[in-house]
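Okay, so here's the structure we're looking at.
Read the numbers this way: they start at 1 and go in the same order the structure lists the ligands and their atoms.
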Amino acid sequence: MDQPEISRLTRALRHGIGQDDQHRAVVPAWYGSSNYTFPTIAEEPDYAYSRSGNPTRDLFGEALATLEGGAGTVVTSSGMSAATLAVLALVPAGGRVVAAHDLYGGTWRLLNRFAADGRLQVDWVDLTDLDAARAALATEADLVWVESPSNPLLRITDIAAVCELGHTAGAKVLADNTFCSPVLQQPLSMGADLVLHSTTKFINGHSDVVGGALVSATEELHADLDWWANTTGVSGSSFDAWLQLRGLRTLDARMRVHQENAAAVVELLVDHPAVTRVHYPGLPDHPGHELATRQQSGFGSLISFEVAGGRAATEALVDGLRTFCLAESLGGVESLVVHPAAMTHAAMSDEALGLAGISQGLLRLSVGIEQSADLVADLAAGLDRAAAVTG
Ligand SMILES: *Cc1c(COP(=O)(O)O)cnc(C)c1O
């Protein structure tokens, strides 16, 4: 009799489980060895040196490729080393990159410096506007860089439409899927060639590893990126991979609670008089709501909102919170709050902040998996403090 098919989520969660022939361990051991013995001079082993290949890193990469529906994963030391690798592998000298104008700040810095140094050309485009994307991609390009939802306003890009335009322009399309994780969005199924992750965030999920990954749609692209990872030495550490494999096993379960808690927080925010605007793709009045409903299987746990009273009101709100840490980064089990204008986006000029819609009254939350009632009560008290500032 045919066995029922096992879902990608279960296969990823169980990858490497119960496979230990030596001791029958349930969980795979960590292989920390930097090098491996050759059986004879004439025979090359599967693993020779951990920069080029490591069994623990491979297990993590395979589990992530299963989740994204990809042919293979290159696991790197950080999200930014994955980004650097993608540029090196896909953009020839003098090549052209079309990038979303509100990319993650570190990616913006990388591409801008490469462009300033004359290594490549970059055109910053509002890719949520398909007319702008079409105009930019009427000219040939090597790489299109999409990030949806964006940071911190959670703007949504039509990934399938941009992939089609990018391919017509002769480009490979990379989607940074850090905010959704493959549980909520799978860009390869929408036509992307490559998915980038800062696995530091939801994939690891416990704020104790910095890591990155590139998942390729094809074996050919994967082999090329793998060659570059070994050659440049950006491959991730085996112990970090072991921790991230552990984190990945609870990704789907964590995302369910993250989203449940985010919904409770959004409910508080939309009704509170101190809040002038809530940016969350799950809200029907969010400009990307319909698109997010179509291309994501959930709205995630990042929320940004504006309070009346600007910077002073945000300070009153944050000062006294007991269940949110004031910290950059996102996607961990613990709740965080950040003031984008003063923290994550501090390098931007006032004018650039204005153009990007990042006001002094804006806060971004990464809602964790604590008890939602505790988070809501804590934020409600903070919002009352913010309201008292404006009077
Ligand atoms: C954090 C982040 C990165 C960079 O990843 P690191 O692991 O910090 O190097 C890239 N893209 C997005 C969307 C991020 O949030």
Side-chain angles (χ1 to χ4, degrees), residues 57 60-61 64 68 73-88 97 99-114 124 127-128 143-157 159 173-185 187 192 194-215 229 232-237 240-241 243-244 247-248 251 255 258 279 281 296 300-304 327-332 336-338 340 343-347 356 358 364-368:
R57 198 169 62 224
F60 170 54
L64 185 52
E68 288 286 5
T73 303
V74 169
V75 177
T76 60
S77 57
S78 68
M80 286 320 302
S81 60
T84 306
L85 195 66
V87 175
L88 278 173
V97 180
H101 70 149
D102 51 0
L103 282 187
Y104 174 73
T107 311
W108 181 86
R109 179 168 57 195
L110 177 78
L111 292 173
N112 249 350
R113 178 62 192 256
F114 276 160
W124 301 102
L127 294 179
T128 66
L143 181 61
V144 178
W145 204 295
V146 186
E147 189 179 314
S148 182
S150 73
N151 181 20
L153 298 181
L154 292 320
R155 298 167 80 243
I156 309 291
T157 297
I159 297 175
V173 180
L174 178 153
D176 184 329
N177 201 25
T178 299
F179 270 35
C180 272
S181 95
V183 168
L184 303 184
Q185 175 170 277
L194 199 56
V195 162
L196 181 143
H197 278 287
S198 167
T199 56
T200 312
K201 318 291 167 54
F202 288 101
I203 304 260
N204 180 59
H206 294 74
S207 308
D208 51 11
V209 171
V210 171
L214 286 171
V215 187
T232 56
V234 300
S235 14
S237 104
D240 288 355
L243 286 171
Q244 292 178 97
L248 193 75
L251 177 63
M255 289 314 277
H258 274 301
H279 304 273
Q296 300 174 205
S301 71
L302 287 146
I303 304 162
S304 58
E328 297 184 356
S329 196
L330 57 107
L336 304 175
V337 57
V338 72
M343 297 168 66
T344 49
H345 293 66
I358 303 172
R364 188 200 72 195
L365 305 175
S366 173
V367 180

Side-chain heavy atoms of [X] within contact of [Y], under 4.5 Å:
X: Leu85; Y: Val74; value: yes
X: Ser366; Y: Lys201; value: no
X: Val87; Y: Leu110; value: yes
X: Leu174; Y: Leu214; value: yes

Should Gly79 be counted as touching ligand 1, given the test is an N or O pair under 3.5 Å?
->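 Right, the criterion is met.
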Does the Thr76 side chain pair with the main chain of Gly212, one donor and one acceptor, at a distance under 3.5 Å?
->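 It does hold such a pair.
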Which residue and heavy atom of the protein sit nearest [atom], plus the separation:
atom: atom 12 (C) of ligand 1; result: Asp176 OD2, 3.4 Å
atom: atom 4 (C) of ligand 1; result: Tyr104 CE2, 3.4 Å
atom: atom 9 (O) of ligand 1; result: Met80 N, 2.9 Å
atom: atom 2 (C) of ligand 1; result: Lys201 NZ, 2.5 Å

Give the ring-plane orientation class for His258 versus Phe202, where under 30° counts as parallel, over 60° as perpendicular and anything between as tilted.
-> perpendicular
Phe60 and its side-chain contact (heavy atoms from CB on, under 4.5 Å) partner, picked from Ile203, Asn204, Thr73 = Ile203
Atoms of ligand 1 less than 4.0 Å from [X] heavy atoms?
X: Gly211; result: 7 (O)
X: Thr200; result: 7 (O)
X: Glu147; result: 13 (C)
X: Ser198; result: 1 (C), 2 (C), 3 (C), 4 (C), 5 (O), 6 (P), 7 (O)

